[in-house]
Amino acid sequence: MEIPKQYDPKQAEQHHYERWERSGFFAPEINRDPAAPVFSIVIPPPNVTGSLHMGHALQHTMMDVLSRYKRMDGYRTLWLPGMDHAGISTQLMVTRELKKEKLTRHDLGREKFVERVWKWKKESGGQITLQMRREGASVDWSREKFTMDEDLSRAVREVFVRLYDDGMIYRGNRIVNWCPNDQTVLSDLEVQKEAHAGKLYYLQYPVKGSNQRVTVATTRPETMLGDTGVAVNPKDDRYRDVVGVTLELPLTGRQVPVVADEFVDPEFGTGAVKVTPAHDPNDYEMGQRHNLAEIAVIDQHAKMTNDAGAEFAGLDRYQARDLVVEKFAGLGLLEKVVDYEFSISKCERCKTVIEPLTSTQWFLRMDHLRDMALQLSRQEKKPRFVPEIPYEKIYTTWLENLRDWTISRQLWWGHQIPAWYTPDGEVVVARTEEQARNKAGTDQLVQDPDVLDTWFSSALWPFSTLGWPDETDDLKTFYPTSVLITARDIIFLWVSRMVMTGMKFMHERPFDDVFITGTILDPHGQRMSKTKANGVDPLQVFDKFGVDATRLKLASVGSTDVRWNDKQVESYRNFANKIWNAARFCLMNADGAKVEAGALAISGDTPLHDRWILSRLNKTSQVVRNALADYEFHEAVQVLYHFFWDDFCDWYIELSKTEVTAEEDNVQRTRARTTLLSVLEQALRLLHPFMPYITEDLWLRLPGTDQSLLHPAYKEAEPTIMLAAYPKAQSELIDENVEWQMQSVIDLISRVRNIRSEMNIKPGEAVPVMIAAADDALRSVFTANKNQIKRLARAGEVMISEKLDAPRASARAVLAGGAELAVPLEGLIDFEQERQRLRKEREKLESESAKVQAQLSNPQFVERAPAEKVTELRARIEDIAQRVGQLEQTIQNLG
RNA sequence: GCCCGCUUGGCUCAGUGGUAGAGCACUCGCUUCACACGCGAGGGGUCACUAGUUCGAAUCUAGUAGCGGGCACCA
């Protein structure tokens, strides 16, 4: 046979994907059953600037497992791929490239710059889509989307116009998060709060016409230049007298009032708060309540403005801070400075400290959208979060506290806002410039230069990718999608917004379930990140252990955070090799037989081990299906692993070897080979969603794998395991009695092996084995499998009787069901050692018996526990008693 | 500050009211004709701690400790 002894993942990974893609296996159209149920997933679109990391590999594995499973199960399956234009990230990427040419984006101008970004996108963007092919992701590339595609952009404009017409989008001057580095406004979600060890400065403001001073505490002294008031709590007795008085603001000479506001916490600092409406969100609101002026003293580059005064204008905010403090100290108005830890807001992308500024931006009112999402959650429990705890609560709590969303960005890369201004400054919002001209009655229009937040277009992803606003077939067929699989950090940014826009524009949830994956941490439990450079590259893991092994590891991660460990992938690499070699054995002994669906039935003369493996196989398929239905990927992987390795390889192959490897070509051999091949084939199908490459590679090599094995929905397709039917559990083949019988034989063989090992019997040496069972059924099971016992226990003569009559010099064991075992070992046995061994075993049984006895002798237990439990315990204690009796007898006989 | 989660063998993790599990690591024995990325046989845990509920708790409840996460307008 030309099959190598070792599985080479690279060989299998080379050819199959290309064929699958070329043959259209990934497209839902491959399914020819008009009545087929539908399964659909949209991919969380990776950033066009991104490359594959473990988080992607993890999500993609799970999406692919489900897609492949459902496809094999006959569903019309669509897994839709695509990418996100990732406004800020991409713009930064290209800006950095320009910098190498000593250019800025302003040198190019907007139009040329955007052209340049498109060029970059075409040439270097989307590296990740190539990497996804390596992963084996069964996405339909013919439906690949990009958020800046013309059709998706049309959906964006449509949504914007409709929301504007509904009065939900508005333009306003408000305090916003400004990134002085990226030169754009950011939404609250794009701002990171970080603990910061700073200082709290106590500044004194003189009361006008008095020696009195009011002390305020601040972490940002430079903002005092923009103060237009001081606030105290109305209930604060300390400040009762000063409410209403005028203060003379140092350094500026500005006269500012003291106002009373409930917001002020008397416990904090001095109980008096300086109010800078132009540079602090809370002060902004207080300013609104008390009609305080807004004086912007910091500009968009975080430099002080002319309004900050001649001495400060042009200074950086931190230089200004030092100067303000120095001046206060000089004036004797700096009361004290204390160390103080507080949280500081940073730009999520560039880590620059955010400057709160008042600015004119576009906002989306969230109240109506929020209410629809909350109602969907409360009334229909949709989407269903898995795991429910803690994500459902995190999601609804966030919704409840939702504020308006700042949707404009001062970038060039993105969807330009479909709003135009007339020479009079009138705003016209329209789907196209032409429409805007008609509406405005003039062609002297200037379009708003801003673009929309990247997440605005991602929010439409589940329906914009399917053709909305047109009522396409895809939209009708695949919306709402079945499940969304993503990481927890974009529940707010993305998941919630898809729900809200889905409800608003489709009047229906975008997906039934949301599965939140765990996070893969580095070996020390730290999050993997670029800055820490502690990430593990999935592509390197693929190279080292193979894609299938990596996928198996990733699938078993499920929804909990785990520390990465190569060893686990290595063990799945070994598993892949095990599968390879099991198939190798089957193929080496396949002459005269082929895979046959009919072999998976039983008849009167089907041997026990065949009945047994069929029972195990069907049980496995049932458990795997149930696990996948509940997104219990870990459970599915474990069950498949143990079925294949323990049941199929360790026992079934060994049990069927005699017949399968027989020299003579006869009916038994053919039947045994057929069953072996057919069980292997079913096992490969069960494994395929997790390990697509090795299963396809082997499946195609099996004799008899033709179109007839495909799911009826794919009858016309070329043979491929990915379109074979996913095995259904046939309950008539699950037989507990058969499993018990086989287990008795397995236990017996294990006990003999145990004795051999403990007695240091040479592997090649055959020993006589004496078995006794009073129970007729059990005895006949042993008798029927005498040759199996002989071979697998390396026994010489096997004697089976009703009562044990073994020589004194025997090693013994007692088995379940009252069976006994003796291995005569004349001359090899140390009687004292054997007695010790048996006593140890008796002690084990006795301590277990004592525990059970204690329970049974408790009248409360007998009274209150379920009757079947009590019966079960009584039966168990009886069995133990019998075994202890037998052991006792044996020990005595030893003398 | 508020809310939530986790704590199980040396390591990484399953399990979740009725006899403690896996993989890796470890010990012993094997070139047994599919596989040494293997085969066979073993050792190892009072399931963080305390109190409670229960006939019975690793599993439920409360608290404690350690770790982690989410939210927050404390100047």
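Throughout, a chain's letter reflects where its sequence line sits, starting with A, and its residues are numbered from 1.
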Give each protein N/O atom lying under 3.5 Å from an N/O atom of nucleotides 14-17 of chain B, with the pair distance.
{"residue": "A14(B)", "atom": "OP1", "partner": "Thr560(A)", "partner atom": "OG1", "Å": "2.3"}
{"residue": "A14(B)", "atom": "O2'", "partner": "His634(A)", "partner atom": "ND1", "Å": "3.1"}

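Relative to the side chain of Trp645(A), the nucleotides G38(B), C71(B), G69(B) differ in distance, and G38(B) lies closest. Checked against G69(B), C4(B), G43(B), the side chain of Pro390(A) finds its nearest nucleotide in C4(B). Set against A22(B), G70(B), G18(B), the side chain of Phe492(A) has G70(B) as its closest nucleotide. Listed candidates were G18(B), A75(B), U19(B). Nearest to the side chain of Lys869(A) is G18(B). Closest to the Tyr641(A) side chain, of the nucleotides G38(B), C73(B), G23(B), is G23(B).
Only the C1' atoms considered, U46(B) is 44 Å distant from A34(B), to the nearest whole Å. If you take atom C1' in U7(B) and the same atom in U50(B), they sit 15 Å apart, rounded to whole Å. Distance check on atom P: G40(B) versus C24(B) gives 12 Å, rounded to whole Å. The separation of A22(B) from U31(B), taken at their C1' atoms, amounts to 29 Å, rounded to a whole angstrom. Between A62(B) and A20(B), the distance separating the two C1' atoms is 26 Å to the nearest Å. When the C1' atom is compared between C49(B) and A58(B), the two are found 14 Å apart, to the nearest whole Å.
Looking at heavy-atom distances under 4.0 Å, Arg756(A) makes no contact with the nucleic acid at all. Using a 4.0 Å heavy-atom cutoff across all strands shown, Pro859(A) reaches no nucleic acid atom at all. Counting non-hydrogen atoms under 4.0 angstrom, Asp265(A) reaches a base of the nucleic acid. Counting non-hydrogen atoms under 4.0 angstrom, Arg573(A) reaches a base of the nucleic acid. When heavy atoms are screened at a 4.0 angstrom cut-off, Tyr7(A) is found touching no nucleic acid atom at all. Among the heavy atoms of the strands lying under 4.0 Å from Ser571(A) are primed sugar atoms or P, OP1, OP2 only; no base atom is included.
For the pair Asn177(A) CG and C73(B) P, the computed distance is 11 Å after rounding to whole Å. The CD atom of Glu570(A) sits 11 Å away from the C1' atom of G23(B) (whole-angstrom rounding). Rounded to a whole Å, the CD atom of Gln192(A) is 12 Å from the P atom of G69(B). As a whole-Å value, the separation of His196(A) NE2 from A72(B) P is 20 Å. The interatomic distance linking Arg563(A) (CZ) with U7(B) (P) rounds to 13 Å, in whole Å. When rounded to the nearest whole Å, the span between CD of Gln855(A) and P of U54(B) equals 17 Å. One interatomic measurement links the two molecules: CD of Gln568(A) to C1' of C37(B), which rounds to 16 Å at whole-angstrom precision. Atom CG in Leu521(A) sits about 13 Å away from atom C1' in C13(B), given to the nearest Å.
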- Task: Convert the base pairs of RNA chain B into dot-bracket notation, remembering that pairs crossing earlier ones are written with [ ] and that bases paired across to another strand are shown as |; include only Watson-Crick or G-U pairs under 3.5 Å.
- Result: ((((((((.[[[[.)..(..]]]].(((((.......))))).....[[[[[..)....]]]]])))))))....

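Other residues, nucleotides and ligands contribute more than 12 heavy atoms inside 6.0 Å of the CD atom of Glu400(A). Annotation for Arg403(A): atom CZ does not count as buried by contact number, only 12 or fewer foreign heavy atoms lying within 6.0 Å. Within 6.0 Å of CD on Glu765(A) lie more than 12 heavy atoms contributed by other residues, nucleotides or ligands.
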- Would you give a per-nucleotide map of nucleotides 28-36 of chain B, 5' to 3', where B means the base has a protein non-hydrogen atom under 4.0 Å away, S means only the sugar-phosphate does, and - means neither? ----B-BB-

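Both Glu758(A) and Asp280(A) sit near RNA chain B, but only Glu758(A) has its closest nucleotide nearer the 5' end. Projected onto RNA chain B by closest heavy-atom contact, Lys393(A) and Ser343(A) fall at different nucleotides, the more 5' of which corresponds to Lys393(A).
For Phe263(A) against Asp261(A), the heavy-atom pair with the smallest separation is N-OD1, 2.8 Å. Residues Leu554(A) and Trp564(A) come closest through the heavy atom pair CD2-CZ3, 4.1 Å.
The phosphate of G38(B) (OP1 or OP2) has a side-chain N or O of Asn574(A) nearer than 4.0 angstrom. The side chain of Tyr340(A) places an N or O atom within less than 4.0 Å of a non-bridging phosphate oxygen (OP1 or OP2) of A75(B). In this model, the phosphate group of G42(B) is approached by a side-chain N or O of Asn754(A) to a distance below 4.0 Å at OP1 or OP2.
Ring to ring, Tyr395(A) and Tyr391(A) are not that close: their centroids are 6.0 angstrom or more apart.
Here Lys553(A) pairs with nothing under the salt bridge (charged side-chain N to carboxylate O under 4.0 Å, His left out) rule; sequence neighbours left out. Partners of Ser757(A) by side-chain hydrogen bond (donor to acceptor under 3.5 Å, both in side chains), not counting sequence neighbours: none found.
For the pair Asn534(A) (side chain) and Arg527(A) (backbone), a donor-acceptor distance under 3.5 Å is present.
With contacts defined as side-chain heavy-atom distances shorter than 4.5 Å, the pair Tyr202(A)/Val337(A) does not qualify.
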- Output, in order, the C-alpha distance, side-chain angles, deciding distance and verdict of side chain to side chain contact (heavy atoms under 4.5 Å, CB included) for Asp543(A) and Lys10(A). CA-CA 8 Å; Asp543(A) 287 342; Lys10(A) 289 208 179 67; 4.0 Å; yes

- Intermediate values then yes/no, side-chain hydrogen bond (donor to acceptor under 3.5 Å, both in side chains), Asn589(A) and Thr661(A): CA-CA 6 Å; Asn589(A) 300 97; Thr661(A) 62; 5.6 Å; no

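Sorted by first and then second residue, the pairs that involve residues 189-205 of chain A and meet salt bridge (Lys or Arg N to Asp or Glu O under 4.0 Å), not counting sequence neighbours, are Glu190(A)-Arg409(A), Glu194(A)-Lys346(A), Lys199(A)-Asp339(A).
Lys657(A) forms a cation-pi arrangement with Phe585(A), by the criterion of a distance under 6.0 Å to the ring centre and an angle within 45° of the ring axis.
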